[in-house]
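Basis for what follows: all heavy atoms, side chains included, without hydrogens, waters or symmetry-related copies. Throughout, a chain's letter reflects where its sequence line sits, starting with A, and its residues are numbered from 1.
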Amino acid sequence: MRITRFWAAILLGIPLIYLVVFFVTPLCMVLADSFSNKAGELTFENYATVLGDIYYWEVLGYTLWLALVTCVATLLLGYPLAYYLTLVERRAFVKRLCFILILMPLFTSSIVRSFGWLVLLGREGLINDGLLMLGIIGRPLRLLSTQTAIIVGMIYVMLPFMVLAIASVLQNLNPSLREAARDLGASAFSTFLRVTLPLSVPGIVAGTLIVFTLSISSYVTPRIMSGGRSVVSSMLIYDQFLLVFNPFLGSAIAVVLLVTCFVLIIAYTLILERKPVRS
Amino acid sequence: MPLIAIDRVTKSYGSLKVLKGVSLDVEEGEFVALLGPSGCGKTTLLRAIAGFVDTDGGDIRIAGRSMTGVPPNRRPVNMVFQNYALFPHLSVRDNVAFGPRRSGVASGEVAGIVDGALATVGMSAYADRLPQQLSGGQQQRVALARAIANKPKVLLLDEPLGALDLKLRKRMQMELKHLQQKLGITFLFVTHDQEEALVMADRIVVMHDGAIAQIGSGEDIYARPQSRYVADFIGEANILRCAVAADGSLRLAGEGIDLPYRVAPGTAEPALLVRPEEVRVGAAAQGGVELAATVMDRVFVGNATRIFARLGSGQEIVIHQTGTGEGAGPSEGDAIRIGWAHDAARVLTS
Amino acid sequence: MKLGHSWLLGGTLAASLAATPVLAQDSLVVAAFGGKHGETLQKCVIKPFMDKTGVRVTVDQGVSTVTVSKLKQQRDNPSLDIVWLDGEVSQVAEADGLFADIDPAKVPNVANMIPEGVYKNKDGKITGLSDGYYSVGIVYNKDEIKQAPTSWFDLWKPGFAGNVTWPSMSDGSGPAMLVYVSELLGGGVTNLKPGADKLKQLDVAAFYDSGGNASNILARKEATIGVLDSGAVWALADAHPFEVGFVIPKEGGLASDARLHLIKPSKAAYDFLNYAMTAESQGCIAENYFYGPAVKDVKLSEKARSRLPWGPEGSIKDLRFSDVNAINAHRQEILDTWNRDVLGRR
Amino acid sequence: MGGLFEKLGDRAGILALSLLAWAVLVFLILPLFVVIAISFTTTEFLAFPPVGFTLRWYQRFLADPSYVDSILLSARLAFGSTLIGFLLGVPAALALKRSTMPGINFLASLFLSPLILPAIIIGVGVLQITTALDFPRSFAAMLAGHVVIILPYIVRTTLASLEGFDASLEEAARDLGASGLVTFLHVTLPTIKPGIIAGCLFGLIMSWIDVEVSIFNTVIATSPIPVKVFNYVQYSVDPMIAAVSAGTIYIAFIFVFLLDRLVGLEKVTGRK
């Protein structure tokens, strides 16, 4: 059913007013701040700093790289789990248990989880103890405060989003399509490759988009997991706001991050729209 | 006063004209079929009556009241949807009760109405099931029960039997016809299946390209199609090219046979319609047409044999020969004489 | 839900005070620290003050940087009456004019304070009062490290490689430590390169963002040695995860303090400040969180005396303070140096 | 023969898939398990494996009314912001999906964009705005901020469930005499319910664990529990904070369990 413009205006009006007051206005303030200095004058110096300095580009590049790695890794780990959950596991109670297990980590704040990571990845943590016991390593590896730790932490936080996005599409796939493929002589694997996978592309797109977006703006996880040794864009923003008390430069970094993210997302959706995936 | 009066209704989607000024009256108690191929505008017309499509021009009146601007829920019509549109989260009973509850029927009476409607379609035993637990035919009946529970003045059916298998469809056709007679409600239904229209409807509205091509009883439009389009769409038709002389007299193109009909001089491309079952093989008939033809192919279809033949002019003709057993009659490659009575053929000028 | 101070809008301070004396008298909103330090302030200042005066004090817990951010955002209509801030951060707010001047006549106990504990702006007005000193030194795990370190530069010894923890810029002492190391190597706040180059070579287990973070890293034995302030060190020592050692290096510990600032003057607020400057209150803090009092003539137990930042027999004169004003003037450069030269391409 | 091998291959594939899936599930739950274990240690610091067994950290945290208050505040915030998010987000999603208004795509991306902005900026922005509107640092201000960060989740999942929505269901309801509102409440809403539940669930989660937005807008006396924990661990870390954290895990588990009982979690990902 189409909605008339009148009703669309009514239905959208209040949420829109809300968003304008509590989101767009702060956003505009950020934009205004990014063009001013402490004296309140109009200036481009913040952008000159951010755009003219290779350092900020490196940090932005690292942030995007991290988000990309997180996307790919959560996809590789999340897809099998989503597939198992929706198409392999038939017992209802096991399914429920799985869903609870997937949702639980989301309910726990990153600070709480960080205690767990310290115990798991630490020098005397479970992973090192296990590897030592198995004789795989001779002395404890440094896992915490490394690149690996950041990625593990990011995967951990983002995985549930990816799993749920993919599962919601797989769940609604018509099972007869897979049966038809098997019937036509496709092996289980080629059925997956030629039928299930292409049809689940919308879930993959939704999952990667949300994971990418959340990764780019995430702050606590990279901060905690890197042991203060790596810098991502959101940390620069936080530092400007909270350590240097220079929201002007912080705003400019935020605007650059926001614009980059928007451009990438638009490019991503355009590429997907242009090239429908072959099935 | 007709129950439904459709007056010069137009509708376009962008530059595409879907309804080009359609006018149609439907009387109370009638069973009318809107027949046509997909894209002819029949479903749009039905949805315009139901109120799901806002028309661009013209007017639809139901029981004398203009429906322009009246939302679907305030129209005295109900619809059976092509895919039934049963609410998946509601039981059969609640699906059927949906309408009566909305129209403010006292809650005590709803149960009675629901039971009655389910009984009418023979689904009383399934009242507590969910739609997905029913077969296609059962869902179809529930959709029907849901629509009639609201006691509409007009029941609109959008390809109601389209999703059913052939056998079930045949049975439901008869059931629907009987149901319509029993309830006395006006049925307006959309189909692309001419047989279905012929079996069920009192009157058939043939639609073509956003306009009505012909309205009439099944017999009418079969025997007396007013256009090449209708002739071709309803039943099987041999449509033979004719040449028109200056005085308006016709002769069969390429065959050199004069025909005892006349058309207005200057008529463009008139044609002669001969139904396959009217064509005889063999001896010439008195006061008819007789031609030479070559048999291209023959197919045995149980109660009859179909012969595909080619005339001297190169035009093809289908012959429906009843009462001939297997192996009888001409075979492929035979040169035969065929013919038909003059009054069995019909001239088409449009 | 509705805050009791929205009446401030539109009226002058005095007029509002006159109009709503009851509100002003009866409740205070105070920003304080969290964790053990916060619990100590609750026990030694807030609760006894409430018991004595009947004024209701509501605590707004938070880290100093966030508190300053809130003050900046709500400059014209602050929700806070009094704030506790880390010495490193409070100068930023002072320079920004976020504090109200403290009238010494209304805080008689100022007379009983050591002069260093009374902070004045360039016009000679009092803008802050010290509520206890601490010193940043070297904490180490005595179970693992038998020989006590003596110098800051001992942290670079190969034996400690990968086992050191050091404050990041998010921790209060981070910027000052970077400047301090630079100074020790011949640089300074305007020449951070020597410090940055040195710190880049420091093989840390992790940089910590807060005292709590550092305690946890040490307790889990991720690091066996590191730089930490005395308050957090003694709290850790009392949790006994291992035998905790603490030394003030021979170059000198880096000291700082917790400070109280007035945002919205009122009688209750002055009374609160006055109570916080009693020997009773600061003594309690020294006994519980081992911060050195800024008030004269505080009687302390043996244990508390041995844990004072200036040692059992010393005084404030033995502490080395960094030039907070200079550091704050160069916060951006310090952060940039840290991010680019210390962390960059590690 | 070939068929048999293929069948064995399929079996092996499914087994491998199941093992991988469970490995990932264990990975997801392990850190939480660790936090719970730590909360029972008798030591004064975080020890794993825990030394001995004690409930005293729980006693200490439950005896401090400020923690209970914080949890209650967080719960009120989470449910309140989710309710508002629902009331704003679902109609908005409906209009975004169904309207042909010009610029509707731009509006759709506007509704999803708070996800990209680092939350601290929203936190500071909400403080500025609410100060201007004269309700700074109040429950309402936090609520306002939380709604901003959870709205994208609700709008997104509702949009997704409308994607597969069979429009003839609504037409059928209208046809049977239901007004637009009744149709929405009795047909549209129940059908897209799983999507909405999923969105609201994400909303609840994001509000329940938020630090960045709350920290600038906390009510003076009480902070939401994640902010309280954040402020505590800045200064000291002890098993009590593990007990508090474990407490939030238990609450989340009870909530997820109840939700599963009430609506069936497997439906959350399905549209049917």
Side-chain angles (χ1 to χ4, degrees), chain A residues 26 29 33 37-38 46 49 53-56 58-59 62 111 114-126 128 139-147 149-150 219-220 222-233 235-236 238-250 253, chain C residues 62-73 88-89 91-93 95-96 98 161-163 165-172 174-175 202-210 212-214 216-217 219-224 328 330-336 338-346:
Chain A
M29 288 178 176
D33 276 354
N37 58 17
K38 283 189 174 146
N46 299 314
T49 309
D53 187 334
I54 187 77
Y55 175 73
Y56 289 99
E58 280 173 6
V59 172
Y62 178 67
I111 302 158
S114 70
F115 297 152
W117 287 122
L118 198 59
V119 166
L120 287 173
L121 298 179
R123 225 180 280 273
E124 298 186 352
L126 284 180
N128 266 322
R139 55 194 203 92
L141 297 175
R142 180 196 273 180
L143 296 171
L144 269 185
S145 319
T146 61
Q147 200 73 255
I150 304 177
Y219 163 75
V220 183
R223 177 133 239 165
I224 289 176
M225 300 306 285
S226 76
R229 286 147 60 108
S230 298
V231 178
V232 296
S233 292
M235 285 185 204
L236 291 178
Y238 274 71
D239 287 350
Q240 291 302 326
F241 271 86
L242 283 179
L243 295 181
V244 188
F245 304 103
N246 184 357
F248 313 106
L249 185 57
I253 303 172
Chain C
V63 293
S64 295
T65 49
V66 173
T67 304
V68 171
S69 275
K70 288 174 184 170
L71 288 176
K72 278 168 103 82
Q73 298 296 344
E88 293 90 345
V89 179
Q91 284 297 322
V92 179
D96 216 6
L98 292 168
N163 285 314
T165 189
W166 187 279
S168 78
M169 289 300 108
S170 302
D171 186 74
L202 184 64
D203 190 358
V204 293
F207 292 112
Y208 65 84
D209 289 342
S210 65
N213 188 201
N216 202 17
I217 289 168
R220 285 294 310 163
K221 304 187 176 66
E222 276 309 304
T224 52
N328 283 327
H330 295 90
R331 278 187 101 84
Q332 185 77 54
E333 293 92 314
I334 295 170
L335 178 71
D336 284 351
W338 177 266
N339 279 344
R340 289 159 198 243
D341 301 335
V342 180
L343 298 184
R345 301 226 184 83
R346 265 180 97 86

Flag side-chain contact, heavy atom, 4.5 Å: C:N339 against A:V59: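 When only atoms from C-beta onward are counted, A:V59 and C:N339 do not touch, as no gap falls below 4.5 Å.
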
Pairwise side-chain contact, C:L335 with A:Q240, heavy-atom cut-off 4.5 Å (strictly under):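 Yes - at least one pair of side-chain heavy atoms lies under 4.5 Å apart.
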
Partner set under salt bridge (Lys or Arg N to Asp or Glu O under 4.0 Å) for C:D336, not counting sequence neighbours: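 Expected list: none.
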
Please state whether the side chain, the backbone, both or neither of [X] comes within less than 4.5 Å of a heavy atom of chain C.
X      : result
A:Y238 : neither
A:D53  : side chain
A:V119 : both
A:F245 : both
A:I224 : neither

Flag, side chain of C:S69 to backbone of A:L242, donor-acceptor distance under 3.5 Å: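 Between the backbone of A:L242 and the side chain of C:S69 there is no qualifying donor-acceptor contact (under 3.5 Å).
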
Sidechain-backbone polar pair: A:R229 side chain, C:V204 backbone, donor-acceptor under 3.5 Å: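 Pair found, side chain donor or acceptor close to backbone of C:V204.
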
Interchain contact, C:K221 with chain A, by part (heavy-atom threshold 4.5 Å):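 For C:K221, the contact with chain A is made by backbone and side chain together.
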
Test side-chain hydrogen bond (donor to acceptor under 3.5 Å, both in side chains) applied to C:Q73 - qualifying residues, sequence neighbours left out: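 Scan of C:Q73 (side-chain hydrogen bond (donor to acceptor under 3.5 Å, both in side chains), adjacent residues dropped) gives D:Q128.
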
Distance-only side-chain donor-acceptor flag, C:S170 / A:R223, under 3.5 Å: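 Yes, side-chain donor-acceptor contact under 3.5 Å.
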
